[in-house]
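Predicted, not measured: the structure shown is a model, and the values here were computed from it. To find a chain, count down the sequence lines: A is the first, B the second, and so on, and within it residues start at 1.
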Amino acid sequence: GQQLNQSPQSMFIQEGEDVSMNCTSSSIFNTWLWYKQDPGEGPVLLIALYKAGELTSNGRLTAQFGITRKDSFLNISASIPSDVGIYFCAGQPGGTSYGKLTFGQGTILTVHP
Amino acid sequence: DAGITQSPRHKVTETGTPVTLRCHQTENHRYMYWYRQDPGHGLRLIHYSYGVKDTDKGEVSDGYSVSRSKTEDFLLTLESATSSQTSVYFCAISENREMGAFFGQGTRLTVV
């Protein structure tokens, strides 16, 4: 099946620092999504990207849909303690199967006050 | 996640026993999905449904079956549970491209 490689696997940063993570795929996706998961909860959608080259922001979060359609990046600026969690990228193929997603392995983010 | 309820939230079962997990939605969304989450693997799609009585296999469907007799309910059945099916199971719903998939709170299943 399709593989998404997400990096880094984990990050330990100080509050106020910026964070970058990325995902690469062996296949093309028509949509890239970024989710955050808190302990004991399901993933929550942060940002959705629909077009190659698209750059989208949601507060302190910015994500980009790679030109090749095989990668995506997520940046978090000025991190705060509540940013702690696991961040997942997900790719969605074309067609109408909107929730049929391939997920990366996740990036565990720890923010030290 | 107010529109999705998974039950049970936690379950311990013995190897070889059948297990059914339930996903109930109040959003009237057409598409429903079952994922499993394991360390180092992210979330992987087990089965999905396009509508009532319309289901299809995902990436890791072996050992699982599903049924959807009503729009609001999507059942996942492990016919004979194995230790490799110990995992956290998430139900998701979707209606349009903009929402991606909307996840429930998960069911933690332990097979001993």
Side-chain angles (χ1 to χ4, degrees), chain A residues 1-10 21 23-27 29-51 54 56 58 63 65 72 74 85-108, chain B residues 1-7 9-10 21 23 25 27 29-51 54-62 66 68 74 87-108:
Chain A
Q2 293 174 325
Q3 297 281 335
L4 285 190
N5 292 312
Q6 186 172 347
S7 64
Q9 287 188 317
S10 61
M21 58 191 78
C23 255
T24 59
S25 169
S26 57
S27 304
F29 287 113
N30 283 355
T31 302
W32 280 95
L33 305 166
W34 284 91
Y35 285 86
K36 182 191 178 206
Q37 185 178 27
D38 293 324
E41 303 289 331
V44 174
L45 183 65
L46 298 174
I47 290 182
L49 302 154
Y50 307 110
K51 235 168 55 167
E54 179 181 358
T56 298
N58 178 8
F65 191 143
S72 181
L74 175 70
I86 306 177
Y87 291 80
F88 291 99
C89 62
Q92 189 175 89
T96 58
S97 185
Y98 304 117
K100 190 179 173 187
L101 303 172
T102 298
F103 280 83
Q105 305 96 319
T107 295
I108 302 171
Chain B
D1 52 61
I4 304 177
T5 304
Q6 290 187 232
S7 58
R9 292 293 314 277
H10 301 271
L21 308 182
C23 177
Q25 60 144 329
E27 307 296 324
H29 286 328
R30 178 180 173 187
Y31 305 100
M32 297 186 75
Y33 308 82
W34 278 107
Y35 286 85
R36 60 177 288 174
Q37 183 175 30
D38 305 289
H41 289 278
L43 289 92
R44 292 178 292 175
L45 182 64
I46 305 171
H47 280 280
Y48 57 101
S49 171
Y50 292 112
D54 190 358
T55 65
D56 206 347
K57 296 179 180 180
E59 178 188 356
V60 290
S61 60
D62 287 348
V66 290
R68 191 169 179 200
F74 193 31
S87 187
V88 181
Y89 292 86
F90 286 98
C91 175
I93 62 175
S94 186
E95 186 63 29
N96 56 55
R97 187 188 188 198
E98 284 70 31
M99 76 176 291
F102 182 55
F103 286 82
Q105 289 192 300
T107 294
R108 182 173 294 275

With a 4.5 angstrom heavy-atom cut-off, which part of Gln37(B) approaches chain A: side chain, backbone, both or neither? side chain
Side chain, backbone, both or neither: which part of Arg9(B) has a non-hydrogen atom closer than 4.5 Å to chain A? side chain
Report the residues that fulfil ring-ring contact (aromatic ring centres under 6.0 Å, His included) with Phe88(A), sequence neighbours left out, ordered by chain and then residue number. none
Separation between OG (Ser87(B)) and NE2 (His41(B)), nearest 0.5 Å, reads 9.5 Å
With a 4.5 angstrom heavy-atom cut-off, is it the side chain or the backbone of Gln37(A) that approaches chain B, or both, or neither? side chain
Side-chain heavy atoms of Leu46(A) within contact of Tyr87(A), under 4.5 Å: yes
Ring geometry between Tyr31(B) and Tyr50(B) (parallel below 30°, tilted from 30 to 60°, perpendicular above 60°): perpendicular
